[in-house]
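Basis for what follows: all heavy atoms, side chains included, without hydrogens, waters or symmetry-related copies. Model, not experiment: these values are computed from the prediction.
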Amino acid sequence: MPPQPEPAPAEDNSIYRAIFENSRDAIIYGLPDGTVLLANPAAEQLLGYSEVELKEHGRSLFINPADERWPAALQERAETGTAFAELSMRRKDGCIIPVEVTTRVFSDAQGGQRAAAFIRDISQRKQAEQAQRQRELRLLKALETSYDAIYQRNFGETGFAYLSPSCESVIGYSPQEMAEWPSDHILDLVHPDDLDRLRQLRQSAISGAAGPFSVEYRLRRKDGSYCWLHDSLKALFAEDGKLSGWIGTVRDISASKAAEQALAKSEASLQQAQRIAHMGSWEWDPAAQSISASPENFRLLGIENKQAESSFIHIVKKYILREDRPKVLQVGWQGALNSQTGQEVEFRVRRPDGEIRWIHATSEPVFENDKLVRILGVNQDITEQKHNLEQLEASLKEKEILLREVHHRVKNNLASIIGLVNLQRSDIQDPRVQAEFDELRDRIQSMASVHDLLYRSASLAHIDMQAYFERLAADLKDVYDAQDTAQLQVEAQGVEMEPDLAIPCGLIVTELVTNIFKYAFPAGLPRPGQPACLVRLRITHTGGEYTLSVSDNGVGLPAGLDWQKAPSLGLRLVRMLGIYQLRAEIQVDSTAGLSFTLRFEQ
């Protein structure tokens, strides 16, 4: 008979049983084919099945058949002897739960194949990761937590009593490499700045307190890089009640630490940006009736954060100028409370040193289930903008006064020219030459009217075309004694035009209306079939295009006359001003009176 292996010492069995029963992870021990031989209490709690049920049915009882990752994980374990994967399992109550599974195949003392699986429920972690992604808008992705490495140390023994296979994934050393390490060799890998914390943790465990205890420190991995670890351990007691060692779990939190540093850097960058922009943020909690604010927000008031008051009313009364308090309370505060839209308000504050600063505040209420939960706000120092705006307004006012004076002087100079034309006309006896002087005077008058309207207008940049055309029409009717002869309609309501366009338009209208009064109504009568003499001035502005039309119901153009080649100076001016200055398309219709239509862009 071949020699039988000696049974494992009872103490070793208690160690493994302690690890097995005290592990936070579900542990299932069995055969590679899925037969379950043992299941720890964590496995029963996680899966909802008793150990007896698991032994009877094997892993088919809890594998989620819809999870396509299971075959790959089992194949990986079959090929390499070990596997780690995130999978999903089916509980007894039918719920599908996400888990992390670390599984390994090994040989027992008789050489038989055995398999062990460490299963961790990651439902809460998954929920926490998603909640963190929603809360932390600054983070570009959720932090993924690593699985734990499990270890056990017994007092009086060299090396570790137990190391889980996941040690290699966490720190780069396999359990076989670490098995014979002296008890304190792990301390040689700890970052010098973190040694005291780890030693204090161990001393707490050795002192006899049950724990658990936890600490964070940096450890040098096998490749020489440092990783951050979260070490949590609990004291183990022998059957006689004496402290026998401790069992612990180690988790790689490097990603979390990196995220914390990135967040701290982001917060620092945000505060620096606020200082550069002279902008501070704040948040009001209606439940606590308190305000929290960024450091820059207090600097806007000329105080330090430690001097700040949490009461909104106190801040208003202490720092905001008395005459500005009503609008802050009514618009900025009550407006945000009574509506679900943001509010903006500008006010002045007096700093402790007496300096007065302008603040622009924007507030935004936040509601959950129609209940106000907080008000978010941003305050910005706009003192310099206010000063610049005041200087700009003063400069613009000065320039406006100067520009009005220019228009006034141009109008007066044109009026002087008109006076000279009239004076020269009075010395001329030839009616034909007198008519030419009259037309020259009318042209000058149309330009003078533009400058007069600009001088009297609220805007120096645009001409009200309705008022301009009505004035031209009235002047021309007086000149040609057409008050009772023709009805003159002006349709230019709401149309405004820049002076550079209004002046040539006014000259064109002057020429065309002059021709109408001189030639369209012989003997003061309209075209046969028309009840009265009618002249119509119309201008529209649509989509960046102007349309100017001057029409009458008179006799129209003489038969065979080409208006573009007519010897009349007035029609030549219409053509030159329309084509070369306005760049207009000109259409002439003489079928029912005479109509000139010009289309040009702004």
Side-chain angles (χ1 to χ4, degrees), residues 396 399-418 421 438-479 488-517 535-552 569-588 595-602:
L396 289 175
K399 291 178 180 178
E400 181 179 343
I401 292 173
L402 293 174
L403 192 55
R404 288 187 186 278
E405 182 63 22
V406 168
H407 286 298
H408 183 58
R409 294 192 179 190
V410 171
K411 186 262 294 185
N412 288 343
N413 289 337
L414 292 175
S416 298
I417 294 174
I418 291 173
V421 171
D438 289 341
E439 292 175 0
L440 176 61
R441 178 199 57 210
D442 295 339
R443 293 168 186 138
I444 298 173
Q445 181 61 51
S446 70
M447 292 185 287
S449 296
V450 169
H451 292 284
D452 187 45
L453 287 171
L454 285 171
Y455 172 70
R456 301 175 186 279
S457 173
S459 171
L460 295 173
H462 296 89
I463 296 292
D464 183 342
M465 299 306 289
Q466 180 75 24
Y468 182 35
F469 282 176
E470 286 178 352
R471 183 167 180 172
L472 287 179
D475 290 343
L476 291 171
K477 287 184 72 173
D478 286 341
V479 169
L488 202 155
Q489 298 178 354
V490 176
E491 299 177 20
Q493 198 67 39
V495 179
E496 293 184 340
M497 189 177 288
E498 296 176 358
D500 288 347
L501 295 179
I503 289 176
C505 285
L507 290 171
I508 290 172
V509 167
T510 298
E511 298 301 330
L512 293 176
V513 173
T514 297
N515 283 345
I516 290 172
F517 287 153
V535 181
R536 187 183 185 193
L537 306 181
R538 186 170 186 267
I539 187 168
T540 60
H541 184 207
T542 305
E545 182 181 74
Y546 289 101
T547 301
L548 170 64
S549 65
V550 180
S551 60
D552 64 73
L569 176 61
L571 291 179
R572 292 208 308 273
L573 280 175
V574 170
R575 182 174 178 275
M576 287 188 298
L577 292 170
I579 294 177
Y580 298 111
Q581 190 158 350
L582 296 179
R583 300 184 182 276
E585 173 191 346
I586 304 176
Q587 294 179 344
V588 179
S595 172
F596 276 81
T597 302
L598 294 87
R599 291 184 177 86
F600 54 95
E601 294 183 354
Q602 187 170 351

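Within 6.0 Å of atom CD in Q587, more than 12 heavy atoms from other residues, nucleotides or ligands are found, so the atom counts as buried in its surroundings.
Looking at residues two or more places apart in sequence or on another chain, you find no salt bridge (charged side-chain N to carboxylate O under 4.0 Å, His left out) involving R599. Checked against side chain to side chain donor-acceptor pair (under 3.5 Å), E470 has the following partners two or more places apart in sequence or in another chain: Q466. Every residue meeting the ring-ring contact (aromatic ring centres under 6.0 Å, His included) condition with F600, not counting sequence neighbours, appears here in chain and number order: Y546. E498 meets the side chain to side chain contact (heavy atoms under 4.5 Å, CB included) test with H462; sequence neighbours excluded.
Applying the side chain to side chain contact (heavy atoms under 4.5 Å, CB included) test between L598 and each of I539, T547, V550, I508 identifies I508 as the sole match.
Remark: H541 NE2 to E601 CD distance equals 10.0 Å, nearest 0.5 Å. How far CG of L548 is from OG1 of T540: 9.0 Å, rounded to the nearest 0.5 Å.
Nearest heavy-atom pair across S551 and I516 is O-CD1, 4.4 Å. Contact record, M465 with A502: SD-CB, 4.1 Å, taken as the closest heavy-atom pair.
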Validation: residues 572-579 side-chain donor-acceptor distances under 3.5 Å, sequence neighbours left out:
residue: R572; atom: NH1; partner: P567; partner atom: O; Å: 2.6
residue: R575; atom: NE; partner: Q564; partner atom: OE1; Å: 3.2

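Ion pair R536/E491 flagged as a salt bridge, since at least one NZ, NE, NH1 or NH2 atom sits closer than 4.0 Å to an Asp/Glu carboxylate oxygen.
Side-chain contact between F517 and L488 is present, with heavy atoms from C-beta onward closer than 4.5 Å.
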